[in-house]
Amino acid sequence: MRLARVAQPEGVSFVALEPDPKSPGEKVLAVEIDQHPFGEPTFTGRKWPMADVRLLAPILPTKVLCVGKNYAEHAREMGSEVPPNPVLFMKPSTAVVGPSAPIKMPPDSERVDYEGELAAVIGQPCKDVPEARGTEVVLGYTIANDVTARDQQQADGQWTRSKSYDTFCPLGPWIDTAADASDLALRTELDREPVQESRTSLLVHDVAGLVSYISRVMTLLPGDVILTGTPSGVGSLQPGQKVSVSIDGLGTLTNPVQQA
């Protein structure tokens with residue numbers, strides 16, 4: 001199932017994206033989910049053509065957990081070796097925006113970078129999850145862009161300020177609950193030119209391992225998002241550009257870049 005969050009004519013709804021039975025294989029309907037998408041969803045009976053809704057960030061997490069240097073080639077391009085344990089940091093929920101929403105360049109940063117990533121969305125409260133059950137608590141997967149003020153990251157020596165600006169966590173376009181994230185192709189394009197290409201099979205610490213590791217530190221709640229790390233090829237953004245992150249089976253997340 002593909003789960004999304006949309007602005008519809010009367011407000012905001014969680015929806016399932018389903019083929020239009022009147023146009024099989026061509027059009028998609030947004031079918032409204034009652035209340036929330038966790039557990040076995042129930043439906044209100046309302047539905048809209050996609051032309052009548054706008055995709056938002058598919059979830060509003062209580063917290064966004066991020067993993068640094070989780071692809072070996074990216075660790076090397078950042079001037080270090082792969083750390084023995086996952087390097088964790090967090091983004092605030094206020095950094096989250098959806099597809100097509102602008103990434104806003106802060107005036108006090110001279111270099112802002114894209115970082116295309118696979119994101120896992122937690123589906124149930126959990127703590128101390130065994131690695132063998134790590135993926136069982138995942139609702140599904142979506143796409144993220146871990147936007148980073150690189151000059152501030154290097155200047156501060158820790159990453160909170162550089163990762164936390166409003167609009168610095170695009171998510172979307174939807175959550176796929178059936179995806180197998182063990183070996184998906186990831187591609188980032190800047191103005192349609194490829195800048196990152198890798199596969200999720202090259203993650204140093206996979207999703208199950210990350211869920212287990214993080215849940216030993218903190219309780220994970222439904223809707224929390226884990227950004228699994230970016231591959232090599234990170235680079236800077238400029239106002240007027242568009243950045244797109246695509247992952248096999250999960251779609252494409254595209255955002256324009258603007259000066260704040």
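All residue numbers refer to positions in the sequence shown, counting from 1.
Ser93 places no side-chain N or O within 3.5 Å of a backbone atom of Thr62 that could act as its donor or acceptor partner. The main-chain N or O of Lys127 is never found under 3.5 Å from a side-chain atom of Thr219 such that the two would form a donor-acceptor pair. With hydrogens and angles disregarded, no donor-acceptor distance shorter than 3.5 Å links the side chain of Asp176 to the backbone of Tyr141. The backbone N or O of Arg111 lies less than 3.5 Å from a partner atom in the side chain of Ser109, making a donor-acceptor pair. Side-chain atoms of Asp191 come within 3.5 Å of backbone N or O of Lys242 as a donor-acceptor pair. Judged purely by atom type and a 3.5 angstrom limit, Gln152 has no side-chain atom pairing as donor or acceptor with the backbone of Ala149. Using a distance-only test at 3.5 Å, with no hydrogens or angles considered, no donor-acceptor pair links the side chain of Ser164 to the main chain of Arg161. Using a distance-only test at 3.5 Å, with no hydrogens or angles considered, no donor-acceptor pair links the side chain of Ser13 to the main chain of Glu32. Looking at Asn255, its side chain does come within 3.5 Å of a backbone N or O of Gly98 through a donor-acceptor pair. Under a 3.5 Å cut-off, the side chain of Thr254 and the backbone N or O of Ser100 do not form any donor-acceptor pair.
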What's the verdict on side chain to side chain donor-acceptor pair (under 3.5 Å) for Glu73 and Ser232, showing C-alpha distance, side-chain angles and the deciding distance? CA-CA 5 Å; Glu73 288 299 320; Ser232 62; 5.2 Å; no
Any chance you could lay out the salt bridge (charged side-chain N to carboxylate O under 4.0 Å, His left out) test for Arg216 and Asp128, step after step, and finish with the verdict? CA-CA 5 Å; Arg216 293 202 299 271; Asp128 296 324; over 6 Å; no
Let's go through Arg150 and Glu115 carefully: what are the C-alpha distance in whole Å and the side-chain angles of both, what is the deciding distance for salt bridge (charged side-chain N to carboxylate O under 4.0 Å, His left out) to 0.1 Å, and is it a yes or a no? CA-CA 11 Å; Arg150 191 71 69 199; Glu115 294 190 8; 2.7 Å; yes
Report the C-alpha distance between Thr228 and Glu117 in whole Å, list the side-chain angles of each, state the deciding distance to 0.1 Å, and finish with yes or no for side chain to side chain donor-acceptor pair (under 3.5 Å). CA-CA 6 Å; Thr228 59; Glu117 307 197 11; 5.1 Å; no
List the steps, then state whether side chain to side chain donor-acceptor pair (under 3.5 Å) holds for Glu189 with Ser246. CA-CA 8 Å; Glu189 295 184 351; Ser246 301; over 6 Å; no
So Val207 and Leu118, side chain to side chain contact (heavy atoms under 4.5 Å, CB included) or not? Walk me through it. CA-CA 10 Å; Val207 172; Leu118 171 74; 4.2 Å; yes
Stepwise salt bridge (charged side-chain N to carboxylate O under 4.0 Å, His left out) test for Lys163 and Asp146: CA-CA 7 Å; Lys163 301 281 190 176; Asp146 176 19; 2.9 Å; yes
Intermediate values then yes/no, side chain to side chain contact (heavy atoms under 4.5 Å, CB included), Asp166 and Lys104: CA-CA 8 Å; Asp166 293 355; Lys104 295 184 178 180; over 6 Å; no
Using the rule given for side chain to side chain donor-acceptor pair (under 3.5 Å), can you reason through Ser198 versus Gln196, listing the C-alpha separation, both sets of side-chain angles and the distance that settles it, and then say yes or no? CA-CA 7 Å; Ser198 191; Gln196 289 183 294; over 6 Å; no
Go through Val211 and Val137 one step at a time and tell me if the side chain to side chain contact (heavy atoms under 4.5 Å, CB included) criterion holds. CA-CA 8 Å; Val211 169; Val137 301; 3.6 Å; yes
Quick one: do Asp224 and Lys63 satisfy salt bridge (charged side-chain N to carboxylate O under 4.0 Å, His left out)? Show the steps, please. CA-CA 5 Å; Asp224 284 350; Lys63 50 188 175 289; 2.7 Å; yes
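With a 4.5 Å cut-off on side-chain heavy atoms, Leu210 and Asn70 count as touching. Within the 4.5 Å cutoff, the side chain of Glu131 has heavy atoms near those of the Asp206 side chain. Between Glu197 and Leu186, every side-chain heavy-atom pair lies at or beyond the 4.5 Å cut-off. For the pair Asp20/Val28, no side-chain contact is recorded, criterion being any heavy-atom separation below 4.5 Å from C-beta on. With contacts defined as side-chain heavy-atom distances shorter than 4.5 Å, the pair Arg46/Gln8 qualifies. Within the 4.5 Å cutoff, the side chain of Gln258 has no heavy atoms near those of the Pro239 side chain. No side-chain heavy atom of Val64 sits less than 4.5 Å from a side-chain heavy atom of Met90. With contacts defined as side-chain heavy-atom distances shorter than 4.5 Å, the pair Leu3/Trp174 does not qualify.
Shortest non-hydrogen contact noted between Thr252 and Ser244 is CG2-CB, 3.9 Å. Among all heavy-atom pairs drawn from Ile175 and Pro58, the shortest one is CG1-CB, 3.8 Å. What you find for Tyr71 and Leu202 is that their closest heavy atoms are CD2-O, 3.8 Å. Taking each heavy atom of Ala30 and Met50 in turn, the nearest pair found is CB-SD, 4.1 Å. The minimum heavy-atom distance linking Leu253 with Asn145 is given by the pair CD2-N, 4.2 Å. When every heavy atom of Ser201 is checked against every heavy atom of Asp183, the shortest pair comes out as OG-OD1, 2.8 Å.
Leu237 belongs to a hydrophobic cluster whose other members, connected by ILVMFWY side-chain contacts under 4.5 Å either directly or through intermediates, are Ile103, Met105, Val112, Tyr114, Val147, Tyr165, Phe168, Leu190, Val195, Val243, Val257.
No more than 12 heavy atoms of other residues, nucleotides or ligands lie within 6.0 Å of CD in Glu110, so this atom counts as exposed by the packing criterion. For Arg54, the CZ atom counts as loosely surrounded, since its 6.0 Å shell holds 12 or fewer non-hydrogen atoms of other residues, nucleotides or ligands.
Considering Ile226, Leu171, Val138, Val225 as possible partners of Val121, the one that fulfils the side chain to side chain contact (heavy atoms under 4.5 Å, CB included) test is Val225. For the side chain to side chain contact (heavy atoms under 4.5 Å, CB included) criterion with Leu56, the lone passing option out of Val96, Val97, Val12, Val6 is Val12.
Here Cys169 contributes atom SG and Leu227 contributes atom CG; the two are 5.0 Å apart, rounded to the nearest 0.5 Å. To the nearest 0.5 Å, atom OG of residue Ser215 and atom CZ of residue Arg133 are 10.0 Å apart. Atom CD1 of Ile122 and atom CG of Leu220 lie 5.0 Å apart (nearest 0.5 Å). To the nearest 0.5 Å, the span separating CH2 on Trp48 from CG on Leu29 amounts to 11.0 Å. Expressed to the nearest 0.5 Å, how far OG of Ser212 lies from CD1 of Ile214 amounts to 9.5 Å. Here Phe14 contributes atom CZ and Phe43 contributes atom CZ; the two are 13.0 Å apart, rounded to the nearest 0.5 Å.
Val15 and Met1 sit in two unconnected hydrophobic clusters of ILVMFWY residues. Membership requires side-chain heavy atoms under 4.5 Å apart, directly or through other members. In the hydrophobic cluster analysis, where Ile, Leu, Val, Met, Phe, Trp and Tyr join through side-chain heavy atoms closer than 4.5 angstrom, Ile59 is grouped apart from Leu221.
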